[in-house]
Amino acid sequence: ISSGWVWLDGRPLFRISAPKGNLSSRINDIQRNLNIILSKYLQQDNDSLDLQVKQTSGLTALSVNDIYLMSVTDSDTKLHGVAPDTLANDISQSVRQALIVAKQERQPQSLLVQGGLAAGAVMVVVLFNWGVRRWQRYILTSIQPPIADPLPDEQAIATQLKVRQKNTIKEIKNRLLQVLQVSIWTCGTLVVLNLYPYTRGWLILLLFGLEVPVKLGLAIVATYLAIRLSYALVDRSTSTLAQTTLLSTAEDSQRLQLRL
């Protein structure tokens, strides 16, 4: 026995249960009936809703405005741990509230408010992206070019390693800012999609579809950052070693001069 959600306008409405092989078809049937009910309700001139709970063939059936929605099964009652009539009434109240909200969200006044919120969200995304781009340009312009043909001594090597270490840190910051940019645009898109009842369903599909790519992308970014950080640590250790060698050589030279 498995369970799943019935959705309306991208929002979970209620859970049902069925054998694993039949769950998908049962959800699709209820979802289709609910969409028909919503379509008919949106065409009504009034906001009246007639939800009926009846006993049919030994099952508790739910109808909305004389349109069949679903029947409560034993697996449903076991899932929720309540009597069939109680579960049917709970589902009917959830459906009533969801239909009322769905009709309100499609009114011109509500769509106008949602449009204003979407415009505000886009402005925020653009401003944040502009700030991140300026930060990126500052980092990229501060990257120092590598020292050409360094002299084969410890001082030159230490200087070159310091420059490379700083450049590596700046490259890491730049990659993190690129990830931040993608995150800003992604979050902005999700916010806008969530504002409208027509696009909220796409949001759910998008979230489910992006789950694997996002995890894979995060793993790649984390691996890249770990490698670049290891390069920076190696450069720092090598630079410290070179400076230590240089100081030791200088001390030995001073001692030799004193002896002479």
Taking atom CG of Asp45 as the centre, does the number of heavy atoms from other residues, nucleotides or ligands within less than 6.0 Å exceed 12?
no

Give me the one residue out of Arg15, Arg11, Gln31 that meets side-chain contact (heavy atoms from CB on, under 4.5 Å) with Trp5.
Arg15

Value for CD (Gln178) from NZ (Lys173), rounded to nearest 0.5 Å, stands at 15.0 Å

I'd like to check Ser39 versus Gln43 (side-chain heavy atoms, cut-off strictly below 4.5 Å). Are they in contact?
yes

Considering all heavy atoms, the nearest Gln107-Lys103 contact:
NE2-O, 3.0 Å

Residue of the set Leu34, Ile91, Ile27, Val95 for which side-chain contact (heavy atoms from CB on, under 4.5 Å) holds with Met70
Ile91

With a 3.5 Å distance limit and no angle check, can you tell me whether Ser92 reaches the backbone of Asn89 through a side-chain donor-acceptor pair?
yes

Kindly check if the number of other-residue, nucleotide or ligand heavy atoms within 6.0 Å of CZ (Phe128) is above 12?
no

Distance, nearest 0.5 Å, that separates CG of Leu62 from NZ of Lys54
11.5 Å

So does Asp29 pair up with Arg26, basic N to acidic O under 4.0 Å?
no

Heavy-atom closest pair, residues Leu79 and Ser3
CD2-CB, 3.8 Å

Would you say Leu51 ends up clustered with Ile67 if hydrophobic residues are merged whenever their side chains have heavy atoms under 4.5 Å apart, either directly or through other cluster members?
yes

Between Tyr41 and Asp47 (side chain of the first, backbone of the second, donor and acceptor by atom type, cut-off under 3.5 Å), is there such a pair?
yes

For the residue pair Asn65 and Lys40, establish whether any side-chain heavy-atom pair is separated by less than 4.5 Å.
no

Indicate, with yes or no, if Val126 and Leu190 share a hydrophobic cluster defined by side-chain heavy-atom contacts under 4.5 Å among Ile, Leu, Val, Met, Phe, Trp and Tyr.
no

Roughly how far, to the nearest 0.5 Å, is the CZ atom of Arg32 from the CG atom of Asn35?
9.5 Å

Please report the closest heavy-atom contact between Arg200 and Leu195, naming both atoms and the distance.
NH2-O, 3.5 Å

Can Thr73 and Asp76 be counted as having a side-chain donor-acceptor contact under 3.5 angstrom?
yes

Assigning hydrophobic clusters by single linkage (Ile, Leu, Val, Met, Phe, Trp, Tyr; side-chain heavy-atom cutoff under 4.5 Å), is Val124 placed with Val192?
yes

Tell me whether Tyr138 is reachable from Ile184 by hopping between hydrophobic residues (I, L, V, M, F, W, Y) whose side-chain heavy atoms are closer than 4.5 Å.
yes

Treat each ILVMFWY residue as a node, draw an edge where side-chain heavy atoms are under 4.5 Å apart, and state whether Ile100 and Ile37 are in one component.
yes

Roughly how far, to the nearest 0.5 Å, is CG of Leu177 from CD1 of Ile172?
12.0 Å

Test your reading of the model: is there a side-chain donor-acceptor pair from Thr223 to the backbone of Ala219, 3.5 Å cut-off?
yes

State the CG-OG distance between Asp74 and Ser17, to the nearest 0.5 angstrom.
10.5 Å

Counterpart residues, side-chain hydrogen bond (donor to acceptor under 3.5 Å, both in side chains), relative to Asn28 (two or more places apart)
none

Have a look at Pro84 and tell me which of Leu59, Val53, Thr60 forms a side-chain contact (heavy atoms from CB on, under 4.5 Å) with it.
Thr60

For Leu49 and Arg96, work out which heavy atoms get closest and say how close.
O-NH1, 3.6 Å

Starting at OG of Ser94, measure out to CG of Leu8 and round the result to the nearest 0.5 Å.
11.0 Å

Closest approach of Leu38 to Ala102 (non-hydrogen atoms, all atoms of both residues)
CD1-CB, 3.8 Å

Atom of Ala121, atom of Val191 and distance for their closest heavy-atom approach
CB-CG1, 4.1 Å

Note, Trp135 side chain near Leu180 side chain (heavy atom, < 4.5 Å)
no

